[in-house]
Amino acid sequence: MTAKWRELADELAEQIRSGYYKPGQKLPEIRDQVAAGKGSKATISQAYKALGAEGLVTSIRGHGTVVRAQAPLKRIGIERYDKAKWLHGDEVAFIADRVASGRAYQRNEQTQTVERVAAPALVAAAHGLPVDAPVYARARLVKEGEQPTHTLTSYYRPEHVEGTILVDPTPGPASRGGGFRVLYDAGFEIDHMREELFARSATPEEVKLLQLPSGEPVVELHRTTYTADGTVVEFAIGIHAASRFAWRYDFEVPDSSAAAKASR
């Protein structure tokens with residue numbers, strides 16, 4: 001005989017898969033399910049826990065039990081920085097991910113604050129500056145609808161961005177083509193970059209800001225962006241909710257031995 005909590009979990013799972021409950025939508029509060037005769041508090045709690053273990057919902061402190069997006073966003077790699085997207089179009093990086101994922105977006109789903117700060121050690125090292133040298137920090141919070149997906153804070157040398165729209169905190173991308181287009185117009189065309197990734201536990205502040213379920217890790221991204229002569233024009237730190245992205249990189253396989261032979 002199937003346990004009552006399992007029957008309820010199966011019923012709710014079917015409603016989620018059929019679209020009755022949509023991604024981002026809250027399931028009824030446990031007390032409301034009890035009042036509707038769905039079972040005891042313990043029964044409904046166990047059903048919700050089972051749905052969480054199956055990846056269908058997530059419990060967010062202060063927000064209740066919410067239906068997960070059934071497929072994570074594609075966080076595309078090299079092609080998200082294609083100059084055709086931001087130099088000749090208006091597809092900034094977070095929008096490129098949405099387009100690749102077949103998901104809707106609004107430009108104002110990226111908010112930002114800009115301030116002049118003393119460079120922390122990590123930022124200073126990336127830019128080749130003394131610790132506490134002045135830099136501009138452009139911090140963005142990106143959401144999909146009402147669901148935060150990640151933060152990204154870019155750090156710039158003042159001499160590269162003062163007098164540009166990159167120091168304007170208006171919500172949304174910095175301009176048509178975003179920050180890379182602004183740097184291009186200021187005479188700093190990006191040429192290559194390095195991305196470093198690692199997973200770690202979320203801080204209490206990140207749990208609150210990204211509305212993370214208990215125990216969910218984050219993926220921290222460090223992005224260093226260079227001009228052709230090796231000048232660092234941006235160092236960025238991104239904090240991504242681990243379950244909300246699938247990371248994808250396409251690249252040519254190098255053959256350094258062939259290159260060495262060709263140079264002889």
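Being a predicted model, the structure only gives us computed values, none of them experimental. Computation of the quantities below employed the complete heavy-atom set of this structure, encompassing side-chain atoms and omitting hydrogens, waters and symmetry-equivalent molecules.
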> Return the set of residues passing side-chain contact (heavy atoms from CB on, under 4.5 Å) with D168 (not counting sequence neighbours), or none when no residue passes.
I165, T170

> Test of understanding: with side-chain contact (heavy atoms from CB on, under 4.5 Å), list the residues that count as partners of D90, not counting sequence neighbours.
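Checked D90 against side-chain contact (heavy atoms from CB on, under 4.5 Å); matches are R107, R176.
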
> E189 and T227: side-chain donor and acceptor closer than 3.5 Å?
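Looking only at side-chain atoms, T227 and E189 do not form any donor-acceptor pair under 3.5 Å.
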
> If you look at every heavy atom in R244 and Q211, which pair is closest and at what distance?
NH2-O, 3.0 Å

> Which pairs count as salt bridge (Lys or Arg N to Asp or Glu O under 4.0 Å) when at least one residue sits in residues 218-237, sequence neighbours excluded?
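Sorted result for residues 218-237: R200-E220, R223-E234.
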
> Under the 4.5 Å side-chain heavy-atom rule for ILVMFWY, direct or indirect, which residues accompany L122?
V117, V123, L129, V135, L141, Y155, V207, L209, L210, L212, V218, F235, I237, I239

> May I ask you to decide if P120's main-chain N or O and D132's side chain share a donor-acceptor pair within less than 3.5 Å?
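Answer holds: no.
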
> State which residues pass side chain to side chain donor-acceptor pair (under 3.5 Å) with E144; sequence neighbours excluded, sorted by chain then number.
R103

> Quick check: do D250 and R248 have side-chain heavy atoms less than 4.5 Å from each other?
yes

> With sequence neighbours excluded, give me every salt bridge (Lys or Arg N to Asp or Glu O under 4.0 Å) pair touching residues 35-46.
E11-K38

> Can any side-chain N or O of Q147 pair as donor or acceptor with the backbone N or O of G24 at less than 3.5 Å?
no

> Please identify each residue that fulfils side-chain contact (heavy atoms from CB on, under 4.5 Å) with L197, with sequence neighbours left out.
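Checked L197 against side-chain contact (heavy atoms from CB on, under 4.5 Å); matches are V219, L221, W247, Y249.
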
> Can you name the residues that form a side-chain contact (heavy atoms from CB on, under 4.5 Å) with K26, not counting sequence neighbours?
E29, V66

> Charged N to carboxylate O under 4.0 angstrom, E109 versus R98?
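So E109 pairs with R98 through a salt bridge.
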
> Would you find a donor on one side and an acceptor on the other, under 3.5 Å apart, between the side chain of K22 and the backbone of G19?
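Yes, K22 side chain to G19 backbone: donor-acceptor pair under 3.5 Å.
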
> Could I get the full list of side chain to side chain donor-acceptor pair (under 3.5 Å) partners for E159, not counting sequence neighbours?
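In terms of side chain to side chain donor-acceptor pair (under 3.5 Å), with neighbours along the sequence ignored, E159 is linked to R157.
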
> Could you walk me through whether I44 and W5 satisfy the side chain to side chain contact (heavy atoms under 4.5 Å, CB included) test, starting with their C-alpha distance in whole Å, then the side-chain angles of each, then the deciding distance to 0.1 Å, before giving a yes or no?
CA-CA 6 Å; I44 295 156; W5 67 264; over 6 Å; no

> For A236 versus S154, what's the shortest heavy-atom pair and its separation?
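A236 and S154 have their closest heavy atoms at CB-OG, 3.8 Å.
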
> Any side-chain heavy-atom pair from E14 and Y21 closer than 4.5 angstrom?
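Answer no - side chains too far apart.
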
> Looking at the rings of H150 and F94, which for Trp means the six-membered one, are their centres under 6.0 Å apart?
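H150 vs F94: aromatic centres not under 6.0 Å.
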
> If you define the side chain from C-beta out and look only at heavy atoms, does anything of T231 sit under 4.5 Å from H160?
yes

> Under the rule for side chain to side chain donor-acceptor pair (under 3.5 Å), what residues qualify as partners of Q25, not counting sequence neighbours?
none

> Less than 4.0 Å between a side-chain N and a carboxylate O, is that true for R116 and E162?
yes

> Taking T149 for the side chain and V142 for the main chain, is one N or O donor matched with an acceptor at less than 3.5 Å?
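Judged by distance alone, yes, a pair lies under 3.5 Å.
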
> Who pairs with K49 by side chain to side chain donor-acceptor pair (under 3.5 Å), at least two apart in sequence or on another chain?
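Listed in chain order: nothing, the list is empty.
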
> Can you name the salt bridge (Lys or Arg N to Asp or Glu O under 4.0 Å) partners of K74, sequence neighbours left out?
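By the salt bridge (Lys or Arg N to Asp or Glu O under 4.0 Å) rule, K74 matches no residue at all.
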
